[in-house]
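Since the structure comes first, as structure tokens, the remarks are kept for the end.
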Amino acid sequence: MQPARADRRHLLRLAAASAGALWLPRSAWSQPRLRDNPFTLGVASGSPLHDSVVLWTRLLQTGLFGGSSLPDVPITVRWELAHDEAFTRIAQLGQAQALPELGHSVHVEPAGLDSERSYFYRFMVGGDGNDWVSAVGRTRTLPAPDARPASLRLAYASCQRWEHGYFSAWRHLVADRPDAVVFLGDYIYEYPGAGNAVRQPTGSWTLTLDDYRKRYALYKGDADLQAAHAACPWFVVWDDHEVQNDYAGLTAGDNGPAVADFPARRAAAYQAFYEHMPLRASVLTRALGGLGTGAEMRIYGRVRFGQLATMHLLDARQYRSPHACTPGGKVGSGTVDPASCANWMDPARTMLGPEQERWLADSLGRSAGEGGWNLLGQTTLFGPRDFKPGAGQMLWNDGWDGYTLARRRLIDALRKHRVANPVLLGGDVHENWVGHVLADYADPASERVGVEFCGTSITSRSSGSARTAERLAENPHFVFADAERRGYGIADITPQQMNVSLRVVSDVTVRDAQIETLAKFAVQAGRPRIERA
Ligand SMILES: [Fe+2]
């Protein structure tokens, strides 16, 4: 899986060529005639700042066995960014190369845009009256750093297992008109299918770059998902299934065929993630030459929504320690009695890795002087969830429960810097959990440091609701839980208040599911207490 050194040099050269190519005349590039529409995966925008945003597409004509039938050459793609949906007032335009080495994906980063402004964008290939034009996407820049926006509507979502259902949730999310989507992991699943599958994925276990590309292509062929990407910019982080269930850092999980070289599998999966997400080129710490070779992909970061809110987006997979005390001496996750686990409280065990942890402490320190809301976009349930009623504990070691001291360090950082209005957003557990972040979870009367909204899945199943009430009673820092319903969350943020609506679909096994609000909550600024609204 390691490309030869010459290949890496080739990729670096291509990266340089691609960066400098934007304004060369079209005739300078090879331009194969495309008989069919190559814009089959839609468009997307993401990683917005106050003056720029990433525009994304990937050219794909599906050939034999789900692979691409496009010629193995760079293809010039033109792009337009306009103030209006009819593209009569063009703000910027240019050209980019869709490189076969990147699956013919395109990432454009127009800069110098107006803040807090909606734009429309599209891509074109071909020429001589033989153009293919992509769908039109709508995007939006963030408020300027010193702006005081009156409101912000963020959607948060995670876990969209294809075979578990239809993506109706995305269709309804579009109608809710969020300013941005925060996607918190499990964009794809690596499995070959599921029992009682609602729809059957093509392909088997995803193990190679080609497998991951095909899996993303399958998901991104979904019209509802395409509509959600075209509606607004997305922030994205990954969890485990973008690579393999329960992997931790460079340690594999134990689902599916054993792979001799897990780091190479992870590198392939990370490359496919980059190819399919509206990420900035700056996430590639060693540029394109680092793709496929195991270089760090730095997807964590800090986002300012003017003076209204800051979001700290976290990567809880790439750098984490292996799971502690998984039963049977296995790798992967399990439910553990922490009293019987020697390294449960080992301070060296980390969820974010030492470097990201230092970065987060610094980011929270910067927030100390800033006010507003502080959102932590991370992948999983934050507060403890003890599965064992009464005395003793049984904890799931894949979530923050399995990284107890790392969680304590994060809480301590929130307190030390007196971070204003911390709100933890999460996913992963396929259930809605709403609660308070406590200074000391062992003491229910301890200081409330912040609030937590861990969202349900778009489609992925939960293990059922038979014990939800019992678990809520056992873990009183949570005020609400629901394991029955799939959907997403909408957070409406103003300087004074945050309102969160848990939006749920009627049935993921049918294409035309309806939407409703399962519960609404309010949090007043300066007062970390969840109220039922
Ligand atoms: Fe998931």
Side-chain angles (χ1 to χ4, degrees), residues 155-170 173 181-199 201 205-206 212 215-216 218-219 222 225 228 234-248 252-256 266 269 272-273 276-277 299 313-318 320 323 332-335 351 377-382 385 396-402 424-433 452-465 468 481-489 502 504-505 508-509:
Y156 61 97
S158 59
C159 298
Q160 48 178 5
R161 190 161 167 183
W162 169 273
E163 54 270 36
H164 281 179
Y166 295 103
F167 293 164
S168 301
W170 289 126
L173 175 139
V181 169
V182 185
F183 191 83
L184 297 171
D186 292 353
Y187 191 97
I188 58 160
Y189 282 73
E190 80 281 19
Y191 300 118
N196 300 315
V198 175
R199 46 182 179 173
W205 294 92
T206 56
Y212 286 107
R215 188 57 53 89
Y216 279 101
L218 173 74
Y219 279 54
D222 185 280
L225 178 58
W234 285 37
F235 298 96
V236 290
V237 288
W238 53 39
D239 192 25
D240 52 346
H241 289 285
E242 285 85 353
V243 180
Q244 183 196 23
N245 183 42
D246 286 346
Y247 88 91
D254 71 349
N255 291 68
R266 195 185 84 160
F273 184 79
H276 293 86
M277 294 295 140
I299 61 169
L313 261 183
L314 305 183
D315 175 353
R317 278 292 159 190
Q318 187 170 193
R320 70 154 75 185
H323 298 88
S333 70
T335 305
M351 183 67 131
Q378 49 87 43
T379 41
T380 190
L381 189 68
F382 189 72
R385 189 172 50 165
W396 187 47
N397 68 358
D398 188 65
W400 285 95
D401 273 334
L424 280 102
L425 300 175
D428 181 38
V429 297
H430 309 168
E431 302 177 359
N432 271 304
W433 285 79
E452 167 173 16
F453 292 90
C454 187
T456 185
S457 57
I458 292 291
T459 53
S460 306
R461 294 172 188 151
S462 89
S463 54
S465 58
T468 305
D482 177 84
E484 279 292 291
R485 308 296 293 273
R486 314 277 77 83
Y488 56 90
L502 307 184
V504 293
V505 293
V508 295
T509 68

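Fair warning: this is a prediction, and the values are worked out from it, not measured in the lab. Counting starts at 1 for both ligands and their atoms, in listed order.
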Any N/O/S atom of [X] sitting less than 2.8 Å from the Fe ion (ligand 1), backbone or side chain?
| X | result |
| --- | --- |
| D186 | yes |
| Y189 | yes |
| H430 | yes |

TODO: Check the side chains of R486 and S457 for a donor-acceptor pair under 3.5 angstrom, ignoring hydrogens and angles.
DONE: yes
Task: Distance, nearest 0.5 Å, that separates CG of D428 from OG1 of T379 - done: 6.5 Å
Open item on the list: Return the CH2 to CG distance between W170 and D222, rounded to the nearest 0.5 Å.
Closed with: 10.5 Å
Task: Any side-chain heavy-atom pair of D398 and R320 under 4.5 Å - done: yes
